[in-house]
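Single-structure report; data block below.
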Amino acid sequence: MTQTPAAPSNTAISDFGIDTTTMSTSEAVRDYFSRLRAGQLGSLPALLGLVALVVMFAALSDVFLSLNNLANLLAQGAGQTIIAMGIVFVLLIGEIDLSAGTASGVAAAVLAMHFAQNGNLLGGMGSTVFILFVAALALGAVLAALLRIWAGMAVSVLGIVLAVSGMAANPWIEMLLALCTGTAIGCITGFLVSRIGMPSFVVTLALFLAWQGVILQFIGEGGVIGISSSPVLDRVANGNLSIVGSWLLFTLSVGGFAAVTLGKHFTRLRRGLVTQPTPIVLFKVGGIAAIGLAATALLTVNRSSNPNIEITGVPYVVPIVLGLLVIGTFVLNRTRYGRHIYAVGGNREAARRAGINVTKIRASVFVVCSSVAALGAIVYSSKVGSVDPQAGGLNTLLFAVGAAVIGGTSLFGGRGRVSDAVIGGTVLAVVSNGLGLLRQPAAVVSIVTGLVLLLAATVDALSRRRAASATR
């Protein structure tokens, strides 16, 4: 009996309904615009708004596009942007963290107190407050263990060790202690929301007030603790890379982006999988390279107005934000944990039935949020050179949440990227910086910022409604 030859592999793939067709460039462009009409706007509104704001402020102010102001603009909103990058994780599961700002303030206060007291937190806080602080770190470690978030438990335990050891002031120890404090706070918040089942709005609103009181206890009403005398802490937000370091950063960033993007693209082509047309991929890589080249070339020019002082190089906050952006994007896009976050945000019950530990995922995003908020606290404290009772206050929180939403992250969960926070943070920084150059009062800045956030939330709601109607 003659055996029938096996069908070709591409026929087998076709039989199973797997789409291996690749669109042409014109088809990809038409598909993109059709998705826009269907309500899948992504970060496009924020990018268009950013361009419009830059053009407007450049026309109204001669100083806006100066090299010194552009460099200052990068550092001005970096702290809030970093906090917003952590908030993206919480928004992706359809929750909210209103305590992220004051949690960052607690971390900043601990950092400043450890520096000012030369590591003697017991002497700075007093025995009762110090014991409660260590107990809070221990509580965070215990709750993290109950949730099986082992990284959160380890970092919280490390915070206890640093707090009770009395190590002398060291900027790296202070920054690590701030991170440990933020992580412990996230463990407590995550446990209350995920395991106890309390609404995240209520929990984080209560903790917002509680952490504000903790900051007042640490710093003292009307008090200020300076940290600018530490060269390392001061340079976090105010220092610059060398010219060689700036070009090395450009080479590594653009080269890495090109290698990953093109490598993934051509690998999918070889395997016959669906991918974007090669010209579009090359255009994206070329566009990023051109922007990075122009920015690096401008920032390596002396931008000091004093002929006796030279200020050159890319600000340190740029590689900090880029590093967090790369890590956050990799976690969300290329790991199982990231896919579980999107799954829980898209449909919590379906994710539970698929075997995902929804409780752990919901708790973990609050740990991520508060840990990243502590990093943001380090940056904004370095920028102003001190920590006061208003650290991480209402504006910091609202601007951080606003940055994530303005950039395109949905308030309803399941849609968003870490890059949204960077785009939204840039929009808010441009608004604040531009209106400041025009000498507008704080009232006008608040009104305009609120209107921008309201517009972003409206666009999000309308796009979701349009997307829902398009799928019916």
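Note that the numbering runs from 1 along the sequence shown for the chain.
The CG atom of Leu74 lies 10.0 Å from the CD atom of Gln76; values are rounded to the nearest 0.5 Å. Interatomic distance, Asp420 CG to Ile87 CD1, rounded to the nearest 0.5 Å: 13.0 Å. Atom CZ of Arg348 sits about 12.5 Å away from atom CD1 of Ile356, to the nearest 0.5 Å. Interatomic distance, Cys369 SG to Glu95 CD, rounded to the nearest 0.5 Å: 11.5 Å. Expressed to the nearest 0.5 Å, how far NE2 of His340 lies from CG of Leu332 amounts to 13.0 Å. To the nearest 0.5 Å, atom CG of residue Asp62 and atom CG of residue Leu437 are 10.5 Å apart.
Scanning both residues, Ala71 and Pro315, for their nearest heavy atoms gives O-CG, 4.0 Å. Summarising the geometry of Ser104 relative to Tyr380, their closest heavy-atom pair is OG-OH, 3.0 Å, with the distance given to 0.1 Å. In terms of heavy atoms, Val134 sits closest to Ala163 at CG2-CB, 4.5 Å.
Looking only at distances, a side-chain donor or acceptor of Lys360 sits under 3.5 Å from a matching main-chain atom of Arg148. With hydrogens and angles disregarded, no donor-acceptor distance shorter than 3.5 Å links the side chain of Ser61 to the backbone of Phe57. The main-chain N or O of Phe208 is never found under 3.5 Å from a side-chain atom of Ser99 such that the two would form a donor-acceptor pair. Gln80 places no side-chain N or O within 3.5 Å of a backbone atom of Gly376 that could act as its donor or acceptor partner. Put simply, the side chain of Ser200 never gets that close to the backbone of Val193: no donor and acceptor are under 3.5 Å apart. With hydrogens and angles ignored, the 3.5 Å screen pairs no side-chain donor or acceptor of Asp388 with any backbone N or O of Val224.
Annotation: side chain of Asp97 is in contact with side chain of Ser370 (closest heavy-atom distance under 4.5 Å). In this structure, the side chains of Val236 and Met175 come closer than 4.5 Å at one or more pairs of heavy atoms. When side chains are defined from C-beta on, Leu111 does not count as touching Leu177, because their heavy atoms never get closer than 4.5 Å. Looking only at side-chain heavy atoms (C-beta outward), Leu252 and Leu248 come within less than 4.5 Å of each other. In this structure, Thr181 and Phe133 have side chains that are in contact, with non-hydrogen atoms separated by less than 4.5 Å. Using a 4.5 Å heavy-atom threshold, the side chains of Cys187 and Phe366 count as separate. Side chains of Ser229 and Phe115 form a contact here, defined as non-hydrogen atoms less than 4.5 Å apart. Residues Ile227 and Asp234 have side chains not in contact (no heavy-atom distance under 4.5 Å, counting atoms from C-beta outward).
Crowding of Phe201 atom CZ: a count of heavy atoms from other residues, nucleotides or ligands under 6.0 Å not exceeding 12.
In the model, Ser371 has a side-chain atom that pairs as donor or acceptor with a side-chain atom of Thr183 under 3.5 Å. Between Arg303 and Asn240, the side chains place a donor N or O and an acceptor N or O closer than 3.5 Å (distance only, hydrogens not considered).
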Stepwise, does the side-chain hydrogen bond (donor to acceptor under 3.5 Å, both in side chains) test hold for Tyr316 with Ser382?
CA-CA 11 Å; Tyr316 282 131; Ser382 171; over 6 Å; no
The test is side-chain contact (heavy atoms from CB on, under 4.5 Å); show your working for Val372 and Ile83 and say whether it passes.
CA-CA 6 Å; Val372 175; Ile83 297 175; over 6 Å; no
Between Leu325 and Met85, does a side-chain contact (heavy atoms from CB on, under 4.5 Å) hold up when you go through it step by step?
CA-CA 8 Å; Leu325 175 61; Met85 294 166 82; 4.0 Å; yes
Can you list the steps and then say if Thr300 with Thr296 is a side-chain contact (heavy atoms from CB on, under 4.5 Å)?
CA-CA 6 Å; Thr300 51; Thr296 305; 4.3 Å; yes
Would Thr312 and Leu299 satisfy side-chain contact (heavy atoms from CB on, under 4.5 Å), going step by step from the backbone distance to the final call?
CA-CA 6 Å; Thr312 58; Leu299 291 173; over 6 Å; no
